[in-house]
Number of protein chains: 2
Amino acid sequence: EHAKIAFDVLVDLDVGDRRTGILPGEPAVELAKAIGKHARLHVRGVQAYAGFASHVVGFEERQKTSREAMSKAVETAERLAKAGFDAAIVSGGSTGTYNIDSGLRGVTELQVGSYVFMDVDYRRIGGKSGAVYTDFQPSLSVLATVVSTTHADRVTIDAGTKAIDTTTSHRPEVKGRGDLVYSRGGDEFGFLAGSPLPRIGERVELFVPHCDPSVNLYDRIYALRGEKVESVWPIAARRESQS
Amino acid sequence: EHAKIAFDVLVDLDVGDRRTGILPGEPAVELAKAIGKHARLHVRGVQAYAGFASHVVGFEERQKTSREAMSKAVETAERLAKAGFDAAIVSGGSTGTYNIDSGLRGVTELQVGSYVFMDVDYRRIGGKSGAVYTDFQPSLSVLATVVSTTHADRVTIDAGTKAIDTTTSHRPEVKGRGDLVYSRGGDEFGFLAGSPLPRIGERVELFVPHCDPSVNLYDRIYALRGEKVESVWPIAARRESQS
(Lines give C-alpha, C1' and ligand atoms only; values in the text may rest on other atoms or scores of the structure.)
Protein backbone atom coordinates (compact mmCIF):
# COMPACT_ATOMS: atom_id res chain seq x y z
CA GLU A 1 0.00 0.00 0.00
CA HIS A 2 1.18 3.51 -0.73
CA ALA A 3 1.03 6.17 1.97
CA LYS A 4 -1.81 8.60 1.34
CA ILE A 5 0.32 11.68 0.93
CA ALA A 6 -0.36 14.43 -1.60
CA PHE A 7 1.97 17.24 -2.58
CA ASP A 8 1.17 20.73 -3.71
CA VAL A 9 3.75 21.74 -6.30
CA LEU A 10 4.76 24.93 -8.07
CA VAL A 11 6.05 24.91 -11.62
CA ASP A 12 9.57 26.40 -11.53
CA LEU A 13 9.91 28.96 -14.33
CA ASP A 14 13.05 30.23 -16.00
CA VAL A 15 12.09 33.87 -16.59
CA GLY A 16 15.61 34.95 -17.54
CA ASP A 17 18.13 33.49 -15.08
CA ARG A 18 18.83 30.51 -17.36
CA ARG A 19 19.52 28.59 -14.18
CA THR A 20 16.61 26.33 -13.25
CA GLY A 21 13.02 25.90 -14.36
CA ILE A 22 11.00 25.32 -17.50
CA LEU A 23 10.49 28.09 -20.04
CA PRO A 24 7.33 30.14 -19.40
CA GLY A 25 4.21 29.89 -21.53
CA GLU A 26 3.39 26.71 -23.45
CA PRO A 27 6.32 24.58 -22.17
CA ALA A 28 5.21 25.28 -18.58
CA VAL A 29 1.60 24.33 -19.38
CA GLU A 30 2.80 21.09 -20.97
CA LEU A 31 4.85 20.32 -17.86
CA ALA A 32 1.87 21.06 -15.63
CA LYS A 33 -0.23 18.64 -17.66
CA ALA A 34 2.40 15.94 -17.20
CA ILE A 35 2.45 16.64 -13.46
CA GLY A 36 -1.34 16.62 -13.41
CA LYS A 37 -1.35 12.97 -14.50
CA HIS A 38 0.01 12.01 -11.09
CA ALA A 39 -2.87 11.66 -8.63
CA ARG A 40 -0.82 12.80 -5.66
CA LEU A 41 0.68 15.94 -7.21
CA HIS A 42 -1.39 19.12 -7.33
CA VAL A 43 -0.15 22.09 -9.32
CA ARG A 44 -0.81 25.27 -7.33
CA GLY A 45 1.01 27.88 -9.39
CA VAL A 46 4.46 29.02 -10.40
CA GLN A 47 7.72 30.11 -8.81
CA ALA A 48 9.98 32.47 -10.73
CA TYR A 49 12.89 33.85 -8.76
CA ALA A 50 14.71 36.30 -11.04
CA GLY A 51 18.17 36.69 -9.57
CA PHE A 52 19.35 38.65 -12.59
CA ALA A 53 16.81 41.39 -11.80
CA SER A 54 17.63 41.71 -8.09
CA HIS A 55 21.00 43.40 -8.52
CA VAL A 56 20.37 45.66 -11.50
CA VAL A 57 21.87 49.04 -10.52
CA GLY A 58 19.41 51.94 -10.71
CA PHE A 59 15.76 51.77 -9.74
CA GLU A 60 14.21 52.51 -13.15
CA GLU A 61 16.30 49.93 -14.97
CA ARG A 62 15.70 47.39 -12.22
CA GLN A 63 11.97 48.01 -12.39
CA LYS A 64 11.96 47.47 -16.14
CA THR A 65 13.95 44.21 -15.84
CA SER A 66 11.90 42.77 -12.99
CA ARG A 67 8.52 43.70 -14.48
CA GLU A 68 9.47 42.01 -17.72
CA ALA A 69 10.56 38.85 -15.88
CA MET A 70 7.62 38.65 -13.48
CA SER A 71 5.04 39.38 -16.18
CA LYS A 72 6.12 36.10 -17.79
CA ALA A 73 5.31 34.33 -14.51
CA VAL A 74 1.93 36.03 -14.13
CA GLU A 75 1.00 35.24 -17.73
CA THR A 76 2.02 31.62 -17.31
CA ALA A 77 -0.12 31.31 -14.16
CA GLU A 78 -3.07 32.72 -16.15
CA ARG A 79 -2.49 30.14 -18.88
CA LEU A 80 -2.41 27.41 -16.24
CA ALA A 81 -5.72 28.68 -14.80
CA LYS A 82 -7.25 28.63 -18.28
CA ALA A 83 -6.03 25.04 -18.67
CA GLY A 84 -7.96 24.13 -15.52
CA PHE A 85 -5.27 24.25 -12.85
CA ASP A 86 -5.67 25.96 -9.48
CA ALA A 87 -2.75 28.30 -10.19
CA ALA A 88 -3.31 30.80 -7.40
CA ILE A 89 0.37 31.14 -6.37
CA VAL A 90 2.84 33.35 -8.23
CA SER A 91 6.05 33.45 -6.21
CA GLY A 92 9.09 35.59 -7.04
CA GLY A 93 10.66 38.88 -6.18
CA SER A 94 13.68 39.62 -4.05
CA THR A 95 15.07 42.13 -1.57
CA GLY A 96 16.15 44.23 -4.54
CA THR A 97 12.72 44.26 -6.19
CA TYR A 98 10.28 44.05 -3.25
CA ASN A 99 8.82 47.51 -3.97
CA ILE A 100 8.53 46.67 -7.66
CA ASP A 101 7.05 43.17 -7.67
CA SER A 102 4.63 43.89 -4.81
CA GLY A 103 2.88 46.33 -7.14
CA LEU A 104 2.36 43.77 -9.90
CA ARG A 105 -1.15 42.33 -10.17
CA GLY A 106 -1.05 38.56 -9.81
CA VAL A 107 2.15 38.25 -7.76
CA THR A 108 1.23 36.60 -4.46
CA GLU A 109 4.57 35.94 -2.74
CA LEU A 110 7.89 37.79 -2.44
CA GLN A 111 11.08 35.76 -1.94
CA VAL A 112 12.84 38.44 0.07
CA GLY A 113 15.45 37.36 2.61
CA SER A 114 18.61 39.46 2.36
CA TYR A 115 16.74 42.52 3.69
CA VAL A 116 17.17 41.14 7.22
CA PHE A 117 20.96 41.38 6.92
CA MET A 118 21.67 43.52 3.85
CA ASP A 119 25.15 43.55 2.32
CA VAL A 120 27.50 45.71 0.28
CA ASP A 121 26.11 44.46 -3.03
CA TYR A 122 22.55 45.40 -2.18
CA ARG A 123 23.55 48.82 -0.88
CA ARG A 124 25.11 49.56 -4.25
CA ILE A 125 22.05 48.83 -6.40
CA GLY A 126 20.59 52.23 -5.55
CA GLY A 127 17.23 53.07 -4.01
CA LYS A 128 14.06 54.62 -5.42
CA SER A 129 15.51 58.08 -4.87
CA GLY A 130 19.25 57.74 -4.35
CA ALA A 131 22.52 56.05 -5.26
CA VAL A 132 22.55 54.02 -2.03
CA TYR A 133 19.81 51.52 -1.28
CA THR A 134 18.79 52.54 2.25
CA ASP A 135 15.40 50.83 2.51
CA PHE A 136 16.97 48.36 4.93
CA GLN A 137 19.90 48.80 7.30
CA PRO A 138 22.96 46.53 7.41
CA SER A 139 22.72 44.22 10.44
CA LEU A 140 25.19 41.47 9.56
CA SER A 141 28.89 41.86 10.20
CA VAL A 142 31.93 39.64 10.63
CA LEU A 143 34.13 40.45 13.63
CA ALA A 144 37.82 40.43 12.77
CA THR A 145 41.03 41.17 14.66
CA VAL A 146 44.15 43.00 13.52
CA VAL A 147 46.87 40.33 13.74
CA SER A 148 49.86 42.02 12.10
CA THR A 149 51.06 45.61 11.71
CA THR A 150 54.53 45.01 10.30
CA HIS A 151 54.05 47.32 7.32
CA ALA A 152 53.31 51.02 7.29
CA ASP A 153 50.85 50.93 4.40
CA ARG A 154 48.40 48.30 5.67
CA VAL A 155 47.47 45.94 8.48
CA THR A 156 46.52 42.27 8.36
CA ILE A 157 43.23 40.99 9.81
CA ASP A 158 42.15 37.41 10.44
CA ALA A 159 39.31 37.41 7.92
CA GLY A 160 40.05 35.89 4.53
CA THR A 161 38.39 33.49 2.13
CA LYS A 162 37.30 31.19 4.97
CA ALA A 163 35.55 34.03 6.82
CA ILE A 164 33.90 36.16 4.11
CA ASP A 165 32.63 35.33 0.65
CA THR A 166 34.44 37.60 -1.82
CA THR A 167 33.20 36.20 -5.12
CA THR A 168 31.27 39.37 -6.00
CA SER A 169 32.86 42.50 -7.45
CA HIS A 170 32.45 44.48 -4.21
CA ARG A 171 34.73 44.16 -1.19
CA PRO A 172 33.85 44.01 2.52
CA GLU A 173 33.31 47.42 4.15
CA VAL A 174 34.55 48.28 7.64
CA LYS A 175 31.66 49.49 9.82
CA GLY A 176 32.26 53.07 10.89
CA ARG A 177 35.55 53.24 8.99
CA GLY A 178 34.67 54.11 5.41
CA ASP A 179 38.28 55.30 5.03
CA LEU A 180 39.64 51.74 5.26
CA VAL A 181 39.85 49.54 2.15
CA TYR A 182 39.77 45.75 2.37
CA SER A 183 41.73 43.50 0.05
CA ARG A 184 42.11 39.74 0.02
CA GLY A 185 45.08 38.11 1.71
CA GLY A 186 44.38 34.41 1.21
CA ASP A 187 42.45 31.75 3.10
CA GLU A 188 42.88 33.16 6.60
CA PHE A 189 43.83 36.79 6.08
CA GLY A 190 42.66 40.10 4.70
CA PHE A 191 44.38 43.49 4.47
CA LEU A 192 43.11 46.92 5.46
CA ALA A 193 44.69 49.98 3.89
CA GLY A 194 43.88 53.61 4.75
CA SER A 195 44.52 56.15 7.44
CA PRO A 196 44.64 56.01 10.36
CA LEU A 197 45.29 52.27 10.39
CA PRO A 198 43.82 50.25 13.26
CA ARG A 199 46.29 49.00 15.88
CA ILE A 200 47.45 45.46 16.61
CA GLY A 201 44.74 43.55 18.47
CA GLU A 202 42.06 46.06 17.51
CA ARG A 203 38.76 44.59 16.36
CA VAL A 204 36.82 45.70 13.32
CA GLU A 205 33.36 44.80 12.05
CA LEU A 206 33.05 43.98 8.36
CA PHE A 207 29.88 44.33 6.33
CA VAL A 208 30.04 41.42 3.88
CA PRO A 209 29.83 41.79 0.08
CA HIS A 210 27.20 39.07 -0.24
CA CYS A 211 25.30 37.86 2.81
CA ASP A 212 24.08 34.40 1.70
CA PRO A 213 27.40 32.63 1.04
CA SER A 214 29.02 34.44 3.99
CA VAL A 215 26.37 33.19 6.43
CA ASN A 216 27.03 29.75 4.94
CA LEU A 217 30.58 29.83 6.35
CA TYR A 218 29.43 29.88 9.97
CA ASP A 219 27.65 27.66 12.46
CA ARG A 220 25.93 30.41 14.42
CA ILE A 221 25.01 34.07 14.48
CA TYR A 222 25.39 36.20 17.60
CA ALA A 223 22.32 38.44 17.77
CA LEU A 224 23.15 41.69 19.52
CA ARG A 225 21.01 44.52 20.84
CA GLY A 226 23.52 47.33 21.31
CA GLU A 227 26.51 45.65 22.97
CA LYS A 228 24.50 42.85 24.55
CA VAL A 229 24.26 39.36 23.03
CA GLU A 230 20.53 38.69 23.22
CA SER A 231 20.56 35.35 21.47
CA VAL A 232 22.68 32.83 19.56
CA TRP A 233 21.08 31.54 16.39
CA PRO A 234 22.26 28.22 14.96
CA ILE A 235 22.56 28.26 11.16
CA ALA A 236 20.57 25.12 10.59
CA ALA A 237 20.43 25.15 6.78
CA ARG A 238 24.16 25.65 6.26
CA ARG A 239 24.71 22.14 5.00
CA GLU A 240 21.68 22.10 2.71
CA SER A 241 23.16 23.86 -0.29
CA GLN A 242 23.24 20.69 -2.37
CA SER A 243 20.49 18.26 -3.23
CA GLU B 1 50.64 30.99 42.25
CA HIS B 2 51.19 30.68 38.52
CA ALA B 3 50.92 27.33 36.82
CA LYS B 4 54.33 26.01 35.88
CA ILE B 5 53.78 25.98 32.13
CA ALA B 6 56.43 26.91 29.59
CA PHE B 7 55.93 27.48 25.89
CA ASP B 8 58.28 26.88 23.01
CA VAL B 9 57.71 29.59 20.42
CA LEU B 10 58.78 30.24 16.84
CA VAL B 11 59.38 33.73 15.54
CA ASP B 12 56.95 34.28 12.65
CA LEU B 13 58.85 35.84 9.72
CA ASP B 14 57.50 37.86 6.83
CA VAL B 15 59.78 36.66 4.04
CA GLY B 16 57.72 38.25 1.28
CA ASP B 17 54.01 37.54 1.84
CA ARG B 18 53.54 40.88 3.64
CA ARG B 19 50.83 39.10 5.60
CA THR B 20 52.01 38.17 9.09
CA GLY B 21 55.32 38.07 10.91
CA ILE B 22 58.24 40.32 11.73
CA LEU B 23 60.77 41.27 9.08
CA PRO B 24 63.75 38.87 8.91
CA GLY B 25 67.21 39.75 10.17
CA GLU B 26 67.71 42.34 12.90
CA PRO B 27 64.01 43.05 13.62
CA ALA B 28 63.47 39.31 14.25
CA VAL B 29 66.46 39.13 16.58
CA GLU B 30 65.15 42.14 18.52
CA LEU B 31 61.76 40.44 18.83
CA ALA B 32 63.39 37.22 20.02
CA LYS B 33 65.25 39.19 22.70
CA ALA B 34 61.98 40.72 23.88
CA ILE B 35 60.41 37.25 23.98
CA GLY B 36 63.50 35.93 25.79
CA LYS B 37 62.78 38.25 28.73
CA HIS B 38 59.75 36.14 29.58
CA ALA B 39 60.83 33.20 31.71
CA ARG B 40 58.16 30.87 30.38
CA LEU B 41 58.70 31.54 26.67
CA HIS B 42 61.51 29.74 24.85
CA VAL B 43 62.44 30.74 21.32
CA ARG B 44 63.10 27.59 19.29
CA GLY B 45 63.46 28.99 15.79
CA VAL B 46 61.49 30.60 12.99
CA GLN B 47 58.45 29.91 10.86
CA ALA B 48 58.31 31.41 7.40
CA TYR B 49 55.46 30.19 5.24
CA ALA B 50 55.88 31.82 1.82
CA GLY B 51 52.49 31.60 0.16
CA PHE B 52 53.60 33.83 -2.68
CA ALA B 53 56.22 31.26 -3.69
CA SER B 54 53.92 28.22 -3.62
CA HIS B 55 51.92 29.07 -6.72
CA VAL B 56 54.60 30.56 -8.98
CA VAL B 57 54.04 28.95 -12.39
CA GLY B 58 57.10 27.18 -13.78
CA PHE B 59 59.59 25.18 -11.74
CA GLU B 60 62.70 27.33 -12.34
CA GLU B 61 60.96 30.58 -11.46
CA ARG B 62 59.31 28.97 -8.43
CA GLN B 63 62.66 27.61 -7.28
CA LYS B 64 64.23 31.05 -7.53
CA THR B 65 61.38 32.69 -5.59
CA SER B 66 61.24 30.11 -2.83
CA ARG B 67 65.01 29.90 -2.34
CA GLU B 68 65.19 33.65 -1.98
CA ALA B 69 62.39 33.63 0.59
CA MET B 70 63.59 30.65 2.61
CA SER B 71 67.21 31.82 2.66
CA LYS B 72 65.99 34.83 4.67
CA ALA B 73 64.52 32.40 7.20
CA VAL B 74 67.67 30.29 7.39
CA GLU B 75 69.86 33.38 7.79
CA THR B 76 67.62 34.73 10.53
CA ALA B 77 67.79 31.42 12.40
CA GLU B 78 71.58 31.60 12.17
CA ARG B 79 71.53 35.14 13.59
CA LEU B 80 69.31 33.92 16.42
CA ALA B 81 71.76 31.09 17.16
CA LYS B 82 74.64 33.60 17.23
CA ALA B 83 72.61 35.69 19.66
CA GLY B 84 72.42 32.69 21.98
CA PHE B 85 69.02 31.24 21.14
CA ASP B 86 68.34 27.54 20.52
CA ALA B 87 67.06 28.26 17.02
CA ALA B 88 67.02 24.72 15.67
CA ILE B 89 63.66 24.93 13.88
CA VAL B 90 63.26 26.53 10.45
CA SER B 91 59.72 25.83 9.29
CA GLY B 92 58.34 26.77 5.87
CA GLY B 93 57.76 25.30 2.46
CA SER B 94 54.56 24.20 0.83
CA THR B 95 53.11 21.57 -1.49
CA GLY B 96 54.31 23.70 -4.39
CA THR B 97 57.90 23.95 -3.14
CA TYR B 98 58.45 20.69 -1.24
CA ASN B 99 61.13 19.50 -3.69
CA ILE B 100 62.83 22.90 -3.56
CA ASP B 101 62.86 23.74 0.15
CA SER B 102 63.73 20.18 1.21
CA GLY B 103 67.09 20.68 -0.52
CA LEU B 104 67.93 23.86 1.39
CA ARG B 105 70.44 23.44 4.18
CA GLY B 106 68.91 24.59 7.47
CA VAL B 107 65.24 24.03 6.65
CA THR B 108 63.90 21.50 9.15
CA GLU B 109 60.14 21.41 8.52
CA LEU B 110 57.90 21.56 5.44
CA GLN B 111 54.39 22.96 5.81
CA VAL B 112 52.92 20.82 3.07
CA GLY B 113 49.23 19.91 3.30
CA SER B 114 47.47 20.41 -0.02
CA TYR B 115 49.42 17.47 -1.53
CA VAL B 116 46.96 15.08 0.16
CA PHE B 117 44.07 16.52 -1.87
CA MET B 118 45.66 18.60 -4.66
CA ASP B 119 43.55 21.09 -6.61
CA VAL B 120 43.31 22.81 -9.98
CA ASP B 121 45.57 25.68 -8.92
CA TYR B 122 48.39 23.39 -7.89
CA ARG B 123 48.11 21.29 -11.05
CA ARG B 124 48.66 24.43 -13.11
CA ILE B 125 51.92 25.54 -11.47
CA GLY B 126 53.82 23.02 -13.55
CA GLY B 127 56.14 20.24 -12.41
CA LYS B 128 59.90 19.82 -12.55
CA SER B 129 59.62 18.52 -16.10
CA GLY B 130 56.22 19.46 -17.46
CA ALA B 131 53.40 21.97 -17.70
CA VAL B 132 51.19 19.98 -15.31
CA TYR B 133 52.24 19.33 -11.72
CA THR B 134 51.77 15.57 -11.43
CA ASP B 135 53.86 14.87 -8.31
CA PHE B 136 50.61 14.25 -6.42
CA GLN B 137 47.27 13.02 -7.69
CA PRO B 138 43.94 14.82 -7.13
CA SER B 139 41.94 13.01 -4.45
CA LEU B 140 39.43 15.65 -3.40
CA SER B 141 36.25 16.20 -5.35
CA VAL B 142 32.82 17.69 -4.79
CA LEU B 143 29.90 15.54 -5.93
CA ALA B 144 27.27 17.55 -7.80
CA THR B 145 24.02 16.72 -9.58
CA VAL B 146 22.61 18.06 -12.84
CA VAL B 147 19.39 19.80 -11.77
CA SER B 148 18.29 21.56 -14.96
CA THR B 149 18.70 20.95 -18.70
CA THR B 150 16.31 23.55 -20.10
CA HIS B 151 18.88 25.07 -22.44
CA ALA B 152 20.78 23.45 -25.29
CA ASP B 153 24.09 25.17 -24.61
CA ARG B 154 24.60 24.23 -20.97
CA VAL B 155 23.25 22.40 -17.93
CA THR B 156 22.84 23.59 -14.33
CA ILE B 157 24.42 21.71 -11.41
CA ASP B 158 23.80 22.17 -7.69
CA ALA B 159 27.31 23.38 -6.86
CA GLY B 160 27.79 27.12 -6.57
CA THR B 161 29.46 29.54 -4.20
CA LYS B 162 28.26 27.60 -1.16
CA ALA B 163 29.77 24.35 -2.41
CA ILE B 164 33.10 25.31 -4.00
CA ASP B 165 35.48 28.17 -3.38
CA THR B 166 35.92 30.05 -6.67
CA THR B 167 38.02 33.01 -5.51
CA THR B 168 41.05 31.88 -7.53
CA SER B 169 41.50 32.47 -11.24
CA HIS B 170 40.98 28.81 -12.12
CA ARG B 171 37.59 27.09 -12.34
CA PRO B 172 36.53 23.67 -11.05
CA GLU B 173 37.34 20.78 -13.42
CA VAL B 174 34.98 17.88 -14.05
CA LYS B 175 36.72 14.57 -13.30
CA GLY B 176 36.95 12.48 -16.45
CA ARG B 177 35.20 15.17 -18.52
CA GLY B 178 37.88 17.64 -19.56
CA ASP B 179 35.53 18.73 -22.36
CA LEU B 180 33.11 20.34 -19.89
CA VAL B 181 33.64 23.91 -18.70
CA TYR B 182 32.33 25.14 -15.34
CA SER B 183 31.06 28.66 -14.79
CA ARG B 184 29.50 30.24 -11.73
CA GLY B 185 25.73 30.39 -11.40
CA GLY B 186 25.30 31.99 -7.99
CA ASP B 187 25.09 30.74 -4.42
CA GLU B 188 23.57 27.34 -5.15
CA PHE B 189 24.26 26.73 -8.82
CA GLY B 190 26.98 26.24 -11.38
CA PHE B 191 26.83 25.74 -15.14
CA LEU B 192 28.55 23.17 -17.32
CA ALA B 193 29.04 23.87 -21.01
CA GLY B 194 30.53 21.49 -23.56
CA SER B 195 29.62 18.42 -25.52
CA PRO B 196 28.09 16.00 -24.90
CA LEU B 197 26.29 17.62 -21.97
CA PRO B 198 25.44 15.41 -18.98
CA ARG B 199 21.79 14.45 -18.55
CA ILE B 200 19.30 15.56 -15.89
CA GLY B 201 20.01 13.77 -12.61
CA GLU B 202 23.50 12.76 -13.71
CA ARG B 203 26.23 13.17 -11.14
CA VAL B 204 29.61 14.72 -11.77
CA GLU B 205 32.72 15.01 -9.61
CA LEU B 206 34.42 18.38 -9.50
CA PHE B 207 38.08 18.93 -8.71
CA VAL B 208 38.11 22.20 -6.78
CA PRO B 209 40.20 25.25 -7.75
CA HIS B 210 41.58 25.68 -4.22
CA CYS B 211 41.28 22.87 -1.69
CA ASP B 212 41.63 24.74 1.64
CA PRO B 213 38.63 27.10 1.48
CA SER B 214 36.56 24.42 -0.26
CA VAL B 215 37.15 21.89 2.53
CA ASN B 216 36.15 24.71 4.90
CA LEU B 217 32.62 24.67 3.43
CA TYR B 218 31.89 21.15 4.65
CA ASP B 219 31.41 19.25 7.89
CA ARG B 220 32.82 15.94 6.72
CA ILE B 221 34.77 14.17 4.01
CA TYR B 222 33.73 10.80 2.62
CA ALA B 223 36.89 8.76 2.17
CA LEU B 224 36.48 6.31 -0.69
CA ARG B 225 38.56 3.37 -1.85
CA GLY B 226 37.24 2.72 -5.35
CA GLU B 227 33.47 2.98 -5.00
CA LYS B 228 33.42 1.98 -1.32
CA VAL B 229 33.15 4.55 1.49
CA GLU B 230 35.88 3.38 3.87
CA SER B 231 35.57 6.17 6.40
CA VAL B 232 33.88 9.48 7.18
CA TRP B 233 36.25 12.17 8.40
CA PRO B 234 34.84 15.05 10.44
CA ILE B 235 36.39 18.41 9.50
CA ALA B 236 37.22 19.44 13.03
CA ALA B 237 39.13 22.65 12.31
CA ARG B 238 36.50 24.15 10.00
CA ARG B 239 35.44 26.78 12.50
CA GLU B 240 38.97 27.74 13.53
CA SER B 241 39.77 30.16 10.73
CA GLN B 242 39.60 33.20 13.01
CA SER B 243 41.42 33.96 16.24
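Note on naming: letters A, B, ... go to the chains in the order of the sequence lines (proteins, then strands), and numbering restarts at 1 for each one.
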Pair A:Phe136 and A:Tyr98, ring centroids less than 6.0 Å apart: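 That pair passes the under 6.0 Å test.
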query: Do B:Leu13 and B:Ile22 come close enough that some side-chain heavy atom pair is under 4.5 Å?
result: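 Side-chain contact under 4.5 Å: yes.
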- request: Find the one option among A:Gly21, A:Gly160, A:Pro27, A:Ser214 whose heavy-atom pairs under 4.5 Å with chain B are most numerous.
  value: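 Of the candidates given, the most pairs with chain B belong to A:Gly21.
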message: Using a 4.5 angstrom heavy-atom cutoff, name the option from A:Leu23, A:Thr161, A:Asp14 with the most pairs to chain B.
response: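 Looking at each of A:Leu23, A:Thr161, A:Asp14 in turn, A:Thr161 comes out on top.
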task: For ring pair (Phe, Tyr, Trp, His ring centres under 6.0 Å), just list the numbers for A:Tyr122 and A:His55, CA-CA rounded to whole Å, side-chain angles, deciding distance to a tenth of an Å, and then say yes or no.
output: CA-CA 7 Å; A:Tyr122 263 127; A:His55 282 81; 4.2 Å; yes
Considering only heavy atoms, which portion of [X] lies under 4.5 Å from any heavy atom of chain A: side chain, backbone, both, or neither?
| X | value |
| --- | --- |
| B:Asp12 | neither |
| B:Asp165 | side chain |
| B:Leu217 | both |

query: Any Lys/Arg nitrogen of B:Asp187 or B:Lys162 sitting under 4.0 Å from an Asp/Glu carboxylate oxygen of the other?
result: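 Here B:Asp187 does not pair with B:Lys162 in a salt bridge, since their nearest N and O are not under 4.0 Å apart.
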- prompt: Under the side chain to side chain donor-acceptor pair (under 3.5 Å) criterion, do B:Thr166 and B:Arg184 qualify, and how do the steps go?
  reply: CA-CA 8 Å; B:Thr166 54; B:Arg184 298 200 302 218; 3.2 Å; yes
